A.B. asks: 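Structure below; questions to follow.
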Amino acid sequence: MQWHDRIKAAPGECRSDAWWTYQLGKRLKALAESSGLPRDEGLRSLTWSYDVPQGKQNEMGLPPIEGDCDLDAVAFEMNGFDTATGRPVQGSSELKSDGTTACGCRLLAGFINEAGENLTKRRDGGTVDHEIDLTYRFAWPTNSRILYNRCSAAPDGHPWSERKKLVWWDEHEQKWVGYDKPQFDATKPPSYRPAPDARGGAALDGTAAFGAHSDGKAWLFVPYGIKEGPFPVFYESVESPYTNTLWSTSRVPDVTIIDDPMNPVTEPGDPAYPTVMTTYHMVEHWMSGSMTRTIPWLVGLQPRSFIEISPELAESIGVTTGNYVSVKSPRNEIQVRALVTPRLRIGVIEGRQASIAGRFVCSGYKGIVCDPITNDLSPADMAGDGLIPSSKSFVVKIDTPDMSKIEKFNEFPVEYPKGMSEPIPETPWAAQPEERN
């Protein structure tokens, strides 16, 4: 849905993700064709014909790279089409299970209009005087920009608020109109009531604002059963300085803890680990540490490793910003410089001063700048629903450092060398270091 085009010729052997995926698929199909094995019948039957037509250029006027993939052809299949006429479908409601339509992803159906125009390529917009502009690019599903926008109108179809209205029922036109595209059947009046045997969308009445729910209503609970439900329940994380005072069990039910000697997990309320630890990314970081630590401009923006602690915690152990501290969890211990900040403070819990510490996750042992690995401290455990790791919340003890354990890393210079005021050639403005024109 976030369509973009190549803006300059690729240097050297650089290729797009689409190029690699397409060429890999062609090689796998060739292997399947030569094998003759029944197990490879699926690959032999796979449609994989996305060569760029001769002479085609992209929106920037650039020719394709040899062997490139025609993403317009891929987009057409993702949108879906009528297999007899080739007409692109205009929404998932047109998809059929009898083979007369094909679609790569039903949620994307409709981003190519009947004229074959890819609406995700639209850049102009600005055709309406409103925060919502349906003519700029495309949003899935069906180009509705606000989820459950039926909620902006009362059951009778009139806006709850003139200032905040999104969609409303027009009695004269007998359809839903407004600034956003209705995320439901625009011809269904508020007075509609389904027949007893109605199915699908027809089974929801005209006041149902939550069309993705089986009953069209808002849910305060999950009817299909979550392990800690049906109502959401507060639990302390797997590791916490505190016991759970709101529930009879100390941990989330059915939490998965990796059984390994290197993954000891302490019980909630363990006084040996009184500080809550959390992890995060910084604005100056880009995705993973393996990328951040090898890009000079990102390293230059944030060259120092640290752990954020509150003034109260810093005072209790006698350290200031720049001093080393020991950060110990049940699994590991690192020595790192402290950044004392009032951002991380949570007051008094269970009659004692609570403390919280934070450290970014882009640390690592390789790159332009290296430092102790943050996630060596976190536990290997996963929530019962979704198997999401809880590496954003665990316990540590922060104390004065053990200077004999401090790892010596090559530190990146905080300031750029003098005399480097000229812009770096062929480097876009956004990537130029500060104070360069």
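Just so we're clear, the structure is a prediction, and the values are computed from it rather than from any experiment.
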A.B. asks: Between I257 and V238, is the side chain to side chain contact (heavy atoms under 4.5 Å, CB included) condition met? List the steps.
C.D. replies: CA-CA 9 Å; I257 300 175; V238 169; 4.1 Å; yes
A.B. asks: Quick one: does N79's side chain have a donor or acceptor within less than 3.5 Å of a partner on V89's backbone?
C.D. replies: yes
A.B. asks: Mind checking whether I258 and M382 have side chains closer than 4.5 Å, heavy atoms only?
C.D. replies: yes
A.B. asks: Could you list all the ring-ring contact (aromatic ring centres under 6.0 Å, His included) pairs where at least one residue sits in residues 62-81, not counting sequence neighbours?
C.D. replies: F76-F81
A.B. asks: Do N118 and F111 touch side chain to side chain, with heavy atoms closer than 4.5 Å?
C.D. replies: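 They are in side-chain contact.
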A.B. asks: Under the side-chain hydrogen bond (donor to acceptor under 3.5 Å, both in side chains) rule, collect the residues that match up with S34, sequence neighbours excluded.
C.D. replies: none
A.B. asks: Is the backbone of C69 close enough, under 3.5 Å, to the side chain of D51 for a donor and an acceptor to pair up by distance?
C.D. replies: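 Between the backbone of C69 and the side chain of D51 there is no qualifying donor-acceptor contact (under 3.5 Å).
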A.B. asks: Which residues satisfy the ring pair (Phe, Tyr, Trp, His ring centres under 6.0 Å) test with H130, sequence neighbours excluded?
C.D. replies: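 Per chain and number, H130 pairs via ring pair (Phe, Tyr, Trp, His ring centres under 6.0 Å) with Y179.
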A.B. asks: Are F360 and H285 close enough that their ring centres sit under 6.0 Å apart?
C.D. replies: yes
A.B. asks: Taking R337 for its side chain and T321 for its backbone only, find out whether a donor-acceptor pair lies under 3.5 Å.
C.D. replies: no
A.B. asks: With heavy-atom distances below 4.5 Å as the criterion, would you say the side chains of S329 and M277 are in contact?
C.D. replies: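 Contact flag for S329/M277 side chains = no.
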A.B. asks: Please walk me through it: do Q335 and D402 pass side chain to side chain contact (heavy atoms under 4.5 Å, CB included)?
C.D. replies: CA-CA 7 Å; Q335 315 295 316; D402 183 342; 4.2 Å; yes
A.B. asks: Taking atom OG1 of T101 and atom CG of L95, what is their separation to the nearest 0.5 Å?
C.D. replies: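 Interatomic distance, T101 OG1 to L95 CG, rounded to 0.5 Å: 5.0 Å.
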A.B. asks: State, to 0.1 Å, how close A198 and A203 come at their nearest heavy-atom pair, and which atoms those are.
C.D. replies: O-CB, 3.5 Å
A.B. asks: With a 4.5 Å cut-off on side-chain heavy atoms, are L147 and Q183 touching?
C.D. replies: yes
A.B. asks: Compute the ring centroids of Y50 and W48, then answer whether they are less than 6.0 Å apart.
C.D. replies: yes
A.B. asks: Any donor-acceptor pair under 3.5 Å linking the side-chain atoms of D371 with those of Y365?
C.D. replies: no
A.B. asks: Would you check if the side chain of R150 reaches a backbone N or O of A153 as a donor-acceptor pair within less than 3.5 Å?
C.D. replies: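 Yes: the side chain of R150 pairs with the backbone of A153.
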A.B. asks: Considering residues at least two apart in sequence or located in another chain, which fulfil the salt bridge (charged side-chain N to carboxylate O under 4.0 Å, His left out) criterion with D70?
C.D. replies: K56
A.B. asks: Distance alone, cut at 3.5 Å: any donor-acceptor contact between the side chains of T320 and N323?
C.D. replies: yes
A.B. asks: Quick one: closest heavy-atom pair of T279 and S391, and the distance?
C.D. replies: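 The pair with the smallest heavy-atom distance is OG1-O, 3.3 Å.
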A.B. asks: With sequence neighbours excluded, what pairs up with R15 under the salt bridge (charged side-chain N to carboxylate O under 4.0 Å, His left out) test?
C.D. replies: none
A.B. asks: Could you tell me whether the side chains of E59 and Q57 share a donor-acceptor contact shorter than 3.5 Å?
C.D. replies: no
A.B. asks: With the side chain counted from C-beta on, respond yes when N263 and P379 share a heavy-atom pair under 4.5 Å apart, and no when they do not.
C.D. replies: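 N263 reaches P379 side chain to side chain.
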A.B. asks: Tell me the closest heavy-atom pair linking V319 and Y324, and the distance in Å.
C.D. replies: CG1-O, 4.2 Å
A.B. asks: Can you list the residues that meet the salt bridge (charged side-chain N to carboxylate O under 4.0 Å, His left out) rule with R122, with sequence neighbours excluded?
C.D. replies: none
A.B. asks: Take atom CZ in R6; do more than 12 heavy atoms of anything else shown fall under 6.0 Å from it?
C.D. replies: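 Count over threshold, so yes.
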A.B. asks: Donor-acceptor pair, W219 side chain versus H213 backbone, under 3.5 Å?
C.D. replies: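 Side chain of W219 to backbone of H213, a donor-acceptor pair under 3.5 Å: no, none is there.
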A.B. asks: Got a donor-acceptor contact below 3.5 angstrom from the N149 side chain to the V167 backbone?
C.D. replies: no
A.B. asks: Is the CG atom of D260 crowded by more than 12 outside heavy atoms at less than 6.0 Å?
C.D. replies: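 Yes - once you tally the heavy atoms of other residues, nucleotides and ligands closer than 6.0 Å, there are more than 12.
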A.B. asks: Sorted by first residue and then second, give each salt bridge (charged side-chain N to carboxylate O under 4.0 Å, His left out) pair with at least one member in residues 311-330; sequence neighbours left out.
C.D. replies: E312-R345
A.B. asks: So, does T292 use its side chain to make a donor-acceptor pair with the main chain of G289 at under 3.5 Å?
C.D. replies: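 No; zero donor-acceptor contacts below 3.5 Å.
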A.B. asks: Output, in order, the C-alpha distance, side-chain angles, deciding distance and verdict of side chain to side chain contact (heavy atoms under 4.5 Å, CB included) for K165 and S152.
C.D. replies: CA-CA 6 Å; K165 64 183 182 181; S152 68; 5.6 Å; no
A.B. asks: Can a donor-acceptor pair be found, under 3.5 Å and without considering hydrogens, that links the side chain of T278 to the backbone of K392?
C.D. replies: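 Confirmed, T278 side chain pairs with K392 backbone.
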A.B. asks: Taking D72 first and then K121, would you say they form a salt bridge - that is, a charged N and a carboxylate O separated by under 4.0 Å?
C.D. replies: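 Yes, this pair counts.
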A.B. asks: Please list, chain by chain and in numerical order, all residues satisfying side-chain hydrogen bond (donor to acceptor under 3.5 Å, both in side chains) with S93, sequence neighbours excluded.
C.D. replies: none
A.B. asks: Could you list the donor-acceptor pairs under 3.5 angstrom formed by side chains in residues 346-359, with sequence neighbours left out?
C.D. replies:
residue, atom, partner, partner atom, Å
R352, NH2, P241, O, 3.0
Q353, NE2, G347, O, 3.1
S355, OG, T275, OG1, 2.7
R359, NE, T374, OG1, 2.9
R359, NH1, S305, OG, 2.6
R359, NH1, F306, O, 3.0
R359, NH2, S305, OG, 3.1
R359, NH2, P372, O, 2.6

A.B. asks: Applying salt bridge (charged side-chain N to carboxylate O under 4.0 Å, His left out), name anything that partners E33, two or more places apart in sequence or on another chain.
C.D. replies: none
A.B. asks: Among I398, L377, L344, V396, whose side chain to side chain contact (heavy atoms under 4.5 Å, CB included) with I307 holds?
C.D. replies: I398
A.B. asks: When you measure from the side chain of R123 to the backbone of R137, do you find a donor-acceptor pair of N or O atoms at a distance under 3.5 Å?
C.D. replies: no
A.B. asks: Find out whether D205 and K188 are in side-chain contact, i.e. whether some heavy atom of one side chain is under 4.5 Å from a heavy atom of the other.
C.D. replies: no
A.B. asks: Judged by modelled atom types alone, do D399 and S326 share a side-chain donor-acceptor pair under 3.5 Å?
C.D. replies: no
A.B. asks: Is there a side chain to side chain contact (heavy atoms under 4.5 Å, CB included) between T266 and V395? Walk through the geometry before answering.
C.D. replies: CA-CA 8 Å; T266 188; V395 294; 3.6 Å; yes
A.B. asks: Does any part of the side chain of T21, heavy atoms only, come nearer than 4.5 Å to the side chain of L24, both counted from C-beta?
C.D. replies: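 In short, these two side chains do not touch, never coming nearer than 4.5 Å.
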A.B. asks: If we only count heavy atoms from C-beta on, is the C151 to F210 side-chain gap below 4.5 Å?
C.D. replies: yes
A.B. asks: For residues L134 and K181, report the shortest heavy-atom separation together with the two atoms involved.
C.D. replies: CD1-N, 3.6 Å
A.B. asks: Could I get the full list of ring pair (Phe, Tyr, Trp, His ring centres under 6.0 Å) partners for F184, not counting sequence neighbours?
C.D. replies: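 Partners of F184 by the ring pair (Phe, Tyr, Trp, His ring centres under 6.0 Å) criterion, ordered by chain and then number, come out as W176.
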A.B. asks: Checking T341 side chain against E308 main chain: does a donor-acceptor pair fall under 3.5 Å?
C.D. replies: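 Judged by distance alone, no pair lies under 3.5 Å.
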A.B. asks: Write out all pairs satisfying salt bridge (charged side-chain N to carboxylate O under 4.0 Å, His left out) with one or both partners inside residues 286-295, taking only residues at least two apart or from two chains.
C.D. replies: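 For residues 286-295, and leaving out neighbouring residues, there are no salt bridge (charged side-chain N to carboxylate O under 4.0 Å, His left out) pairs at all.
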